[in-house]
K.L.:
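I am attaching a structure below and will ask some questions about it afterwards.
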Amino acid sequence: MYDLAGKHICYVADCGGISLEACKVLMSKNIAKLAILHRMENPQAIAQVQSIKHSTQIFFWTYDVTMAREDMKQYFDEVMVQMDYIDVLINGATLCDEQDIDATISTNLTGMMNTCATVLPYMDKQQLGKGGMIVNVTSVVGLDPSPVFCAYSASKFGVIGFTRSLADPLYYNQDGVAVMAVCCGPTKLFVDRELTAFLSYGQSFADRLRTAPCQSPRICAKNIVKAIECGENGQIWIADKGGLELVKLHWYWHMADQFLHYMQRPNDDEDEND
């Protein structure tokens, strides 16, 4: 179990209500500091979260996840003045806009990747940090395709690929930062809005989704935090239908023995052949 007590947590929030509920759950875990990064200010929500535990320090910054990485570096330099260090980074920003593919990819994938690249030096135990955990909150349509929300699904598939790649021992054994993902199933507030299908053939399905039986943000948030507490490096979890399930990962491609031997041999062998 990963003990959240006393931890410094940075949450890049979404707009679907899950982040607010997750912050409430995190506050019940006796964390020391919570940084909330969101594109819009919401003083009432922050006050609501703070009321759960007054001894936990909460900081809020308006944050555009699509900003350039160079700007992110300056941004997080300021964040770290208040946070000192980050134990857990939660990437939860999300957008489902099939008519604006660039924005969907930038928010769900590119922005998340740039955020990880920017924050990792502050967490890397060989640089400025003490190790820790990165949690990418994504969707079940990043595991299986969605014929209705094609761009959204593609971006979420990218999150899974990035998560598994960054969790490789090649990095984890050096930086001490575990990387995992939680795939949320259909959740109220997120689906309870006007959504447009990638192609008009799927619009009737998108319209029906608004009234479909879905899990509540509160239940989903509880399972996200439970996954953080139970999770290990490289794991992918599903938070859906009020439950939490560990995904059995599958490898479709295996390196040829000759290629694997070449990639794993010491550099000294290569130097001798030059």
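The first residue in the sequence is number 1, and the count goes up from there.
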K.L.:
Which heavy atom in Ala32 sits nearest to a heavy atom in Gly6, and how many Å separate them?
P.N.:
CB-O, 3.5 Å
K.L.:
Between His250 and Tyr252 (judged by ring centroids, cut-off 6.0 Å), do the two rings come close enough to count as a pair?
P.N.:
yes
K.L.:
With clusters defined by side-chain heavy atoms of hydrophobic residues (ILVMFWY) lying less than 4.5 Å apart, directly or transitively, does Phe157 cluster with Ile105?
P.N.:
no
K.L.:
Are the side chains of Glu232 and Met180 in contact, using a 4.5 Å heavy-atom criterion?
P.N.:
no
K.L.:
Mark yes or no for whether Thr104, through its side chain, and Asp97, through its backbone, hold a donor-acceptor pair below 3.5 Å.
P.N.:
yes
K.L.:
A side-chain contact here means heavy atoms from C-beta on lying under 4.5 Å apart; do Asn30 and Leu4 qualify?
P.N.:
no
K.L.:
Shortest non-hydrogen contact from Cys184 to Val137?
P.N.:
SG-CG1, 3.7 Å
K.L.:
Can you spot which of Leu37, Ile9, Val179, Val12 makes a side-chain contact (heavy atoms from CB on, under 4.5 Å) with Leu89?
P.N.:
Val12
K.L.:
Just checking, any donor-acceptor pair under 3.5 angstrom between side chains of Ser146 and Lys156?
P.N.:
no
K.L.:
A side-chain contact here means heavy atoms from C-beta on lying under 4.5 Å apart; do Lys33 and Lys7 qualify?
P.N.:
no
K.L.:
Please determine, by modelled atom types, if Tyr122 and Asp77 share a side-chain donor-acceptor pair under 3.5 angstrom.
P.N.:
yes
K.L.:
Between Asn91 and Val159, is there a side-chain heavy-atom distance shorter than 4.5 Å?
P.N.:
no
K.L.:
Under a 4.5 Å cut-off applied to non-hydrogen side-chain atoms, are Asp175 and Met123 in contact?
P.N.:
no
K.L.:
Could you check whether any side-chain heavy atom of Ile160 comes within less than 4.5 Å of a side-chain heavy atom of Ile236, counting everything from C-beta outward?
P.N.:
yes
K.L.:
Check the orientation of Phe76 and Tyr63. Use parallel for under 30°, tilted for 30 to 60°, and perpendicular for over 60°.
P.N.:
perpendicular
K.L.:
Will you find, in the side chains of Glu98 and Thr196, an N or O donor that is under 3.5 Å from an N or O acceptor?
P.N.:
no
K.L.:
Please report the closest heavy-atom contact between Ile36 and Ala13, naming both atoms and the distance.
P.N.:
CG2-CB, 4.4 Å
K.L.:
Considering all heavy atoms of both residues, which atom of Asn136 and which atom of Ile134 are nearest to each other, and what is their separation?
P.N.:
OD1-CG2, 3.8 Å
K.L.:
If you look at every heavy atom in Lys241 and Gln215, which pair is closest and at what distance?
P.N.:
N-OE1, 3.5 Å
K.L.:
Are Phe162 and Trp237 connected in the hydrophobic side-chain network, where two residues link if heavy atoms are under 4.5 Å apart?
P.N.:
no
K.L.:
Kindly indicate whether the side chain of Tyr85, heavy atoms from C-beta on, has any atom under 4.5 Å from the side chain of Asp87.
P.N.:
yes
